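Comments concern the structure below.
Here the structure is a predicted model, which is why all the values come from computation and not from measurement. First the proteins, then the strands, lettered A, B, ... as listed; each starts at 1.
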Amino acid sequence: MIITNKQTINVVTLKITSAVNCVSPLGEAIKALCLYATGSECYALDVHRAVVEAVNNVILHAYSNQDGHDIIVEWNQEKDSLRIDITDYGLSMQTLPDPVLPEFDAESGRGWWIINSCLDEYYYKVVEYSQTNKFYKPNSDNGYSEEFMVKSHSNVLTLIKHF
Amino acid sequence: MIITNKQTINVVTLKITSAVNCVSPLGEAIKALCLYATGSECYALDVHRAVVEAVNNVILHAYSNQDGHDIIVEWNQEKDSLRIDITDYGLSMQTLPDPVLPEFDAESGRGWWIINSCLDEYYYKVVEYSQTNKFYKPNSDNGYSEEFMVKSHSNVLTLIKHF
Amino acid sequence: MILLEQKHNDINIVELSGRFAMADCSDVRERLKSLIDEGQGKLVIDMAKVSFIDSSACAVLISAFKGMQLKSGRLVLVTSSAVQSLIELTRLHTIFEISPSQVTALSAFDER
Amino acid sequence: MILLEQKHNDINIVELSGRFAMADCSDVRERLKSLIDEGQGKLVIDMAKVSFIDSSACAVLISAFKGMQLKSGRLVLVTSSAVQSLIELTRLHTIFEISPSQVTALSAFDER
Ligand SMILES: Nc1ncnc2c1ncn2[C@@H]1O[C@H](COP(=O)(O)OP(=O)(O)O)[C@@H](O)[C@H]1O
Ligand SMILES: Nc1ncnc2c1ncn2[C@@H]1O[C@H](COP(=O)(O)OP(=O)(O)O)[C@@H](O)[C@H]1O
């Protein structure tokens, strides 16, 4: 008995725009990728759920429900787990919300509970890119004058689930 | 009876590296997207087949079986069809091979036959990007000296199948 | 997703199929609201054919549940396994009335 | 993909399952080659559980078919619907011997 292609590390990167109607096809693609990697409907449903909640949050909160912004979902098949990095360029979170259930009649606030329940680990990273320009002028007092500016940032939510 | 989300135009962009083991997860994701859009296993299998043959060709021929190059598959759900654009940055084709079957015992040459059989339309485009740099020098005879260089190109195979 | 409406005597039945996710919420919320406003306080939401549901769709169900409570009406849900497991994960099965099939959901209204 | 090998009397059986695509070709080609080289000229490739096959995998089947011809042996394929439809699309059903199940494939060897 030989098994081919099980130890290999695969990466598929998916990109959608921040429109609610793009979340469903993205979710179906992620489910299929997880089913391919594990053969388990249960596992695939868990990851599918977590990704949909996370991407809904990006659209609603990071991009304030505005269409036209990039959401990048990088699906990584590793030796004993899947790792999914969800990147946006919108509003960053200052802290991760606690994964607790709201009152039974609340009409929001279950997203992080679901993400937390369906995965083994998750973490959130804000990356700030900056560009420094230094102008060197001849005949100036200190030799140069400096200008510094932050250019952009990205938010990366990493989701991990072991096989 | 209302049907939501059927007229909307969805785009999901998928990216893999030019490694043969990435073609299978990509294929499964494409199948799931087509199944989502049409509900038809048959339709999804046809597109799945055509995309796998086309991406295999990119890896084998455009990238000469070298790993580490980008392959971008843009899945577009339109009003009455799916359009899939497969982009690579490798060797361009000069002509599209005829979609004919080889001798029964040939061990290659069935890819375009399958692509042609499974789709309604396909076409191939080579896009060349160029950058022109003009240097203006003071005190030169003609006012400036010019440098021109082609920077890069991309090959785009577009696959179309009506619903 | 597809939304089908039916009536069985004075009971409104809404049959959903496919994915029930954020993109579908405003349409479904609106339909349910007008059925609750205009109906006889008896509603079945049949999600036996729903393949996927997210937390925003759960919010639509909660909103329908609250609308029915205000009218002293009754809402019965029929769930697929994907719907049932998310409802249980979010502990909403403790407040929703859930029936195994549309037939049992309808007969539940006869019982009291 | 998964490849399982079995022997039934002097017949070699290779059972493939999952996807059979370009990434799997070199492994499968090599296994089939050594089974053909070392076997008794009787081989069943059971692809009843293969969910997807591409043209490079068809090439592996053709190579096995040609290897068997050189040995004056016999190759019988068992196909899933996905395999069968690609084999028909590429007209290879006119050269391959295809049997509906592993049982019928094995008994085909008894008949002649
Ligand atoms: N990607 C994000 N960017 C910014 N804020 C977020 C993001 N995700 C969640 N939040 C904040 O966390 C809160 C809780 O999120 P969640 O549990 O998903 O519930 P809901 O989105 O239904 O309110 C949100 O209301 C929002 O304020
Ligand atoms: N993306 C591509 N870039 C460059 N050449 C290609 C590409 N796709 C196909 N070709 C050329 O067309 C030929 C026929 O392709 P195909 O029908 O898929 O058969 P095969 O790949 O099995 O040879 C190839 O052998 C190759 O020379």
Nearest heavy-atom pair of I9(A) and N21(B): which atoms, and what distance?
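Scanning both residues, the minimum pair turns out to be O-ND2, 3.8 Å.
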Please give me the minimum heavy-atom distance between A32(A) and A32(B), naming the atom from each residue.
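Closest approach of A32(A) to A32(B): CB-CB, 3.4 Å.
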Once rounded to the nearest 0.5 Å, what's the spacing between atom CG of L33(A) and atom OG of S24(B)?
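Answer rounded to 0.5 Å: 11.0 Å.
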Nearest 0.5 angstrom please: C34(A) SG to E28(B) CD, how far?
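One gets 12.0 Å once the value is rounded to the nearest 0.5 Å.
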Would you say that more than 12 heavy atoms from the other residues, nucleotides or ligands in this model lie under 6.0 Å from the NZ of K161(B), or not?
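Yes, NZ of K161(B) has more than 12 neighbouring heavy atoms, counting only those of other groups under 6.0 Å.
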Can you tell which part of V12(B) gets under 4.5 Å to a heavy atom of chain A, answering side chain, backbone, both or neither?
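Looking at V12(B), backbone and side chain both touch chain A.
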Selection from L14(A), T17(A), V11(A) maximising heavy-atom pairs under 4.5 Å formed with chain B:
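When all of L14(A), T17(A), V11(A) are compared, L14(A) has the most.
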Relative to chain B, which segment of I16(A) carries a heavy atom at a distance below 4.5 Å: side chain, backbone, both, or neither?
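Both parts, backbone and side chain.
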